[in-house]
There are 2 protein chains.
Amino acid sequence: MREKTERVIREWTDTCDAEVSIAVLGGAWKPSILKALAEHGVLRFGELGRLLDNPTARVLTRQLRELEQDGLVTRTVYQQVPPKVEYRLSELGESAGPLVEALTRWGGHYAGLQRATAAVAAPTAG
Amino acid sequence: MREKTERVIREWTDTCDAEVSIAVLGGAWKPSILKALAEHGVLRFGELGRLLDNPTARVLTRQLRELEQDGLVTRTVYQQVPPKVEYRLSELGESAGPLVEALTRWGGHYAGLQRATAAVAAPTAG
DNA sequence: CGGCATCCTCGTTGATACTG
DNA sequence: CAGTATCAACGAGGATGCCG
């Protein structure tokens with residue numbers, strides 16, 4: 001588990017467990033990564049990058065390592081040339097599936113509402 | 001709506017709506033605030049602070065303003081001395097209730113698992 | 001192919017002190 | 001009571017370049 005996740009669990013769990021979920025899922029690209037892995041089952045590093053609109057390798061690596069440390073994702077390295085690394089969801093990662101879906105649904109709902117509001121506020125922009 | 005929220009909607013909605021939810025709910029204390037308002041209905045600034053383990057006024061104000069800008073919370077000012085300000089959930093804020101509950105449940109589940117793992121890894125610590 | 005090292009920028013959190 | 005002003009610290013995200 002990441003040090004940050006551990007700290008959040010220590011400091012927030014009594015008051016609000018939701019902060020823990022956000023600490024684990026809240027990094028840039030993380031929900032996208034989890035969704036992609038849930039849909040495809042197993043993905044290589046490069047495939048993942050292409051599915052996610054090409055974040056820099058530095059950033060993608062980092063998010064994957066964090067998800068791995070937090071136990072949501074497993075990483076399999078094949079010792080060969082050229083290198084091959086596979087990522088897939090752990091059981092814990094799969095358990096987050098419904099939550100990610102809930103986040104997606106509400107986020108879509110929210111975005112739709114706000115865009116409708118913006119369209120009313122500035123109708124000549126379109 | 002906050003500029004940040006707007007940017008996230010612009011940049012992420014096609015790929016992953018979940019990022020929108022995290023942008024809106026992801027600030028420190030925000031899930032706690034929403035939960036407190038959901039339970040109590042209406043709360044004054046000071047009451048809210050006491051329920052949340054006393055964040056600094058600077059921080060609490062900021063989170064409330066952001067939630068207000070994002071349309072989840074409404075703020076009512078009573079022009080009197082001493083001042084009195086009430087916060088309550090908007091309809092949109094109430095619509096986030098089940099999501100916050102889902103975050104809380106999974107976060108609690110995760111924290112429980114990780115603590116059990118830590119206890120096994122370092123049994124002499126207790 | 002799948003990284004790591006380095007550097008930089010920005011936003012967020014928070015402490016402290018003060019105010020209408 | 002319910003804030004605001006100022007300042008400091010920190011970490012996340014990302015650009016760029018190199019490597020086995």
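Computation of the quantities below employed the complete heavy-atom set of this structure, encompassing side-chain atoms and omitting hydrogens, waters and symmetry-equivalent molecules. The structure displayed is predicted, hence computed values, not measured ones. Quick note on labels: first sequence line is chain A, next is B, and so on, each numbered from 1.
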From C-beta outward on F45(B), which listed nucleotide comes closest to its side chain: dC1(D), dC1(C), dG3(D)? dG3(D)
With a 4.0 Å cutoff (strictly under), does any side-chain N or O of R65(B) reach OP1 or OP2 of dG3(D)? yes
Between dG11(D) atom P and R2(A) atom CZ, what is the distance in whole Å? 12 Å
Taking CD from E11(A) and P from dT13(C), how many angstroms apart are they, rounded to a whole number? 14 Å
Rounded distance in Å - CH2 (W29(A)) to P (dG14(D)): 7 Å
Would you call the rings of F45(B) and Y87(B) parallel, tilted or perpendicular, taking 30° and 60° as the class edges? tilted
Sidechain-backbone polar pair: E19(B) side chain, A28(A) backbone, donor-acceptor under 3.5 Å: no
Atom CD of Q79(B) and atom C1' of dA2(D) are separated, to the nearest Å, by 12 Å
What's the CD1-P distance between I22(A) and dT12(C), to the nearest Å? 14 Å
Rounded to whole Å, CD of Q80(A) lies from C1' of dC1(C) at a distance of 10 Å
Where do K30(A) and E66(A) land on the salt bridge (Lys or Arg N to Asp or Glu O under 4.0 Å) test, with the steps shown first? CA-CA 9 Å; K30(A) 283 185 184 173; E66(A) 292 184 358; 2.6 Å; yes
Quick check on contacts: within residues 47-62 of chain A, what sits under 4.0 Å from DNA chain C by heavy-atom distance? A57(A), R58(A), T61(A)
Between S90(A) and G71(A), what is the shortest heavy-atom contact and its length? OG-O, 2.6 Å
Under-4.0 Å salt bridge between E6(A) and R2(A): no
Within this structure, what is the CG-to-C1' distance between D70(A) and dA12(D), rounded to whole angstrom? 15 Å
Test log, rule side-chain hydrogen bond (donor to acceptor under 3.5 Å, both in side chains), inputs T5(A) and D70(A): CA-CA 8 Å; T5(A) 308; D70(A) 282 341; 2.9 Å; yes
Of the listed dC1(D), dG3(C), dC1(C), the closest approach to the V85(A) side chain comes from dG3(C)
